[in-house]
Amino acid sequence: MLFLTHEVPYPAVSGGTIKTWKLLEYFASRYILTLVCLNKGTNKDTEQEMVEKLQPHDYLSINHQRSRNLFALAGSYLTGSPMAVYRNHNNRLMVKTRALCKNTDLIFVDHYEMFQYVAKDCAAPVVLHEHNAEFLLWQRYAEKQSNPLKSWVLQRESRRVIGVEKTYAQRADMILAAPNDTDSLTTQGVPHDKFRPTYHLGDDTLLEQPPVVFHNNEKVVLYIGSLWWEPNIDGLCWFIENIWPQIVSKDPEVTLWVIGKTKDQRLKEVVAGKKGVVIKGFVDDLTPVYAAARLAIVPLRFGSGMKVKVLNFLYRGLPVVTTTIGTEGIELQNNKDVIIPEGDEDWSRQILKLVNDPELCSRIGQAGRELAERKYTWKKHLHDLQSFLGQL
């Protein structure tokens with residue numbers, strides 16, 4: 001198997017890298033695996049640690065960093081490629097990878113932007129793994145803009161992305177996507193018979209940890225997320241600016257813990273002067289963090305794919321307050337396994353209700369945990385995945 005991915009997937013700390021790493025561990029035990037990726041800043045020691053753990057037959061990475069900015073956007077228009085494809089294009093890697101394509105039995109493309117490295121005359125079957133319906137992410141982002149020019153640019157990018165996604169889908173022999181993303185892509189004309197379901201799962205070893213004792217906890221609302229990812233930044237800033245003041249004005253004992261690397265200036269500006277918001281930054285061991293909270297929030301306003309952070313909270317047995325976008329691809333029932341507020345006032349009302357009712361936290365948290373254990377574990381999913389690949 002030749003496995004192509006857009007970054008060094010180790011350490012697996014984000015939703016995307018968790019999925020990629022789980023797949024690589026599984027494939028390395030069943031295939032003669034060649035891993036090819038772009039190195040966007042991972043140091044040599046970490047890269048070596050990854051290779052020692054994975055022990056692939058061969059490993060190829062090339063240093064490559066191209067930021068998401070106006071220069072990249074301009075470059076993407078000059079080359080006629082969506083920005084993600086342009087940003088992940090490397091001529092040296094192209095030459096090396098297309099040679100590898102001719103000497104493999106199966107190609108696994110992790111993220112659509114890596115499909116550019118698959119030689120068109122390659123005889124091996126190709127699997128396209130869609131982490132998200134990328135066009136939909138851009139489309140939803142555009143819909144949230146108040147600036148007409150920015151909205152137009154983002155809508156145009158969405159159209160460029162779906163054009164390339166459809167082209168790659170036509171060349172792929174099989175497409176792996178979450179059920180909600182499959183629906184979105186098929187409405188755009190991608191053949192439905194090529195799809196097989198995949199689930200972007202999290203750290204299901206959290207199921208092995210004991211239940212959270214909510215009665216012992218202070219009134220902590222927990223947020224965990226990659227704070228370089230635009231949907232996360234947007235949702236968290238919206239929550240802190242619009243919902244959080246309503247909560248602390250009615251109950252000053254409530255505290256919001258934000259876990260994740262805070263590189264974005266917008267978040268720092270929104271947090272400034274807000275009572276009860278604690279920016280903890282990156283936390284290596286989340287065990288005590290999960291155990292200390294009353295509930296978790298995932299205030300996404302746009303995005304696509306399944307949300308790994310939601311599943312991690314479910315595995316741990318924390319009640320989750322989120323949006324319909326946060327629950328996409330997961331069969332959750334509102335007010336049973338999860339809380340989905342209706343409007344700004346309901347967000348604050350539901351959170352205040354939970355932080356002041358440990359029994360309710362326990363009931364919803366346990367229901368979500370049981371659902372995750374029943375339907376969304378790696379063992380079952382990887383078994384199903386292998387049966388799909390056996391069809392090629």
Side-chain angles (χ1 to χ4, degrees), residues 5-22 24-25 37-50 53 61 63 65 67-68 111 131-132 200-206 209 212 217-218 220-241 244 255-272 274 276-300 303 305-318 320-322 326:
T5 192
H6 73 325
E7 63 180 331
V8 176
Y10 186 87
V13 295
S14 66
T17 55
I18 288 171
K19 175 70 179 293
T20 299
W21 182 249
K22 284 287 188 179
L24 283 169
E25 285 185 312
C37 60
L38 296 167
N39 187 326
K40 300 176 179 178
T42 302
N43 65 53
K44 289 295 182 183
D45 290 341
T46 301
E47 207 170 9
Q48 182 60 36
E49 183 180 341
M50 178 193 74
K53 286 191 175 215
S61 75
N63 293 331
Q65 293 196 61
S67 300
R68 185 187 289 108
H111 295 277
H131 279 246
N132 302 284
H200 308 305
L201 309 181
D203 180 11
D204 61 4
T205 63
L206 292 170
Q209 296 184 13
V212 176
N217 292 351
E218 296 181 0
V220 172
V221 176
L222 180 61
Y223 178 90
I224 301 175
S226 300
L227 295 176
W228 48 263
W229 183 240
E230 187 61 34
N232 290 347
I233 298 166
D234 170 84
L236 184 56
C237 286
W238 167 81
F239 177 83
I240 293 173
E241 194 163 27
W244 187 249
T255 304
L256 173 64
W257 289 2
V258 177
I259 311 295
K261 291 182 180 179
T262 51
K263 296 182 179 180
D264 197 281
Q265 187 61 32
R266 287 170 294 173
L267 180 59
K268 295 177 182 178
E269 291 172 357
V270 167
V271 169
K274 296 291 191 305
V277 180
V278 180
I279 305 292
K280 289 184 171 286
F282 178 77
V283 176
D284 187 55
D285 182 9
L286 292 171
T287 304
V289 174
Y290 285 123
R294 286 271 173 101
L295 66 106
I297 58 165
V298 184
L300 287 168
M306 288 177 68
K307 314 308 182 292
V308 170
K309 61 177 70 66
V310 172
L311 282 165
N312 280 341
F313 292 138
L314 295 176
Y315 293 143
R316 192 59 193 90
L318 285 176
V320 183
V321 183
T322 186

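Since we're looking at a predicted model, the values are computed, not measured.
In this structure, CH2 on Trp228 lies 11.0 Å from NZ on Lys261, to the nearest 0.5 angstrom. With values rounded to the nearest 0.5 angstrom, Tyr290 atom OH is found 7.5 Å from Leu222 atom CG. Separating the CZ atom in Arg316 from the OG1 atom in Thr205 is a distance of 10.5 Å, to the nearest 0.5 Å. Here CG of Leu300 is found 10.5 Å from CH2 of Trp238. Values are rounded to the nearest 0.5 Å. From Thr42, atom OG1 reaches atom CD of Gln48 across 13.0 Å, with rounding to the nearest 0.5 Å. Note that CG of Leu256 is 5.0 Å distant from CH2 of Trp244, once rounded to the nearest 0.5 Å.
The side chain to side chain contact (heavy atoms under 4.5 Å, CB included) search around Lys40 returns His6, Glu7, Leu38, Gln65, Asn88, not counting sequence neighbours. Partners of Ser61 according to the side chain to side chain contact (heavy atoms under 4.5 Å, CB included) rule, which considers only residues two or more places apart in sequence or in another chain, are Cys37, Asn39, Glu47, Tyr59. Under the salt bridge (charged side-chain N to carboxylate O under 4.0 Å, His left out) criterion, Glu269 pairs with no residue at all, not counting sequence neighbours. Applying the side chain to side chain contact (heavy atoms under 4.5 Å, CB included) test to Val308 and every residue at least two apart in sequence or in another chain returns Ile18, His200, Asn312. For Lys307, the salt bridge (charged side-chain N to carboxylate O under 4.0 Å, His left out) partners two or more places apart in sequence, or in a different chain, are Glu328.
Side chain of Asn232 to backbone of Leu227: no donor-acceptor contact under 3.5 angstrom is found.
Within a 6.0 Å radius of NZ in Lys274, more than 12 heavy atoms belonging to other residues, nucleotides or ligands are found.
Scanning both residues, Val310 and Gly326, for their nearest heavy atoms gives CG2-O, 3.4 Å. Here the closest heavy-atom approach between residue Leu318 and residue Ala296 is recorded as CD1-CB, 4.4 Å. Residues Asn43 and Thr46 approach most closely at OD1-N, 2.7 Å, considering heavy atoms. Counting all heavy atoms, side chain and backbone alike, Asp203 lies closest to Tyr315 at O-CD1, 3.4 Å.
Ring geometry for Trp21 versus Tyr10: interplanar angle of 30 to 60°, hence tilted.
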Starting from the C-alpha separation in whole Å, work towards a yes-or-no answer on side chain to side chain contact (heavy atoms under 4.5 Å, CB included) for Val212 and Asn217. CA-CA 9 Å; Val212 176; Asn217 292 351; 3.4 Å; yes

Please test Val270 against Glu241 for side chain to side chain contact (heavy atoms under 4.5 Å, CB included), starting from the C-alpha separation and ending with a verdict. CA-CA 6 Å; Val270 167; Glu241 194 163 27; 4.2 Å; yes

Does Lys268 form a side chain to side chain contact (heavy atoms under 4.5 Å, CB included) with Ile279? I'd like the steps, not just the answer. CA-CA 9 Å; Lys268 295 177 182 178; Ile279 305 292; over 6 Å; no

Working note: Ile240 + Leu267, criterion side chain to side chain contact (heavy atoms under 4.5 Å, CB included); need CA distance, chi angles, decisive distance, verdict. CA-CA 9 Å; Ile240 293 173; Leu267 180 59; 3.9 Å; yes

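Between Thr255 and Glu218 there is no side-chain heavy-atom pair separated by less than 4.5 Å. Looking at Lys309 and Ser226, their side chains never come closer than 4.5 Å, going by heavy atoms from C-beta outward. At a threshold of 4.5 Å between non-hydrogen side-chain atoms, the residues Thr322 and Phe313 do not count as touching.
Counting only residues at least two apart or in different chains, salt bridge (charged side-chain N to carboxylate O under 4.0 Å, His left out) contacts with residues 229-238 comprise Glu230-Arg266, Asp234-Arg301.
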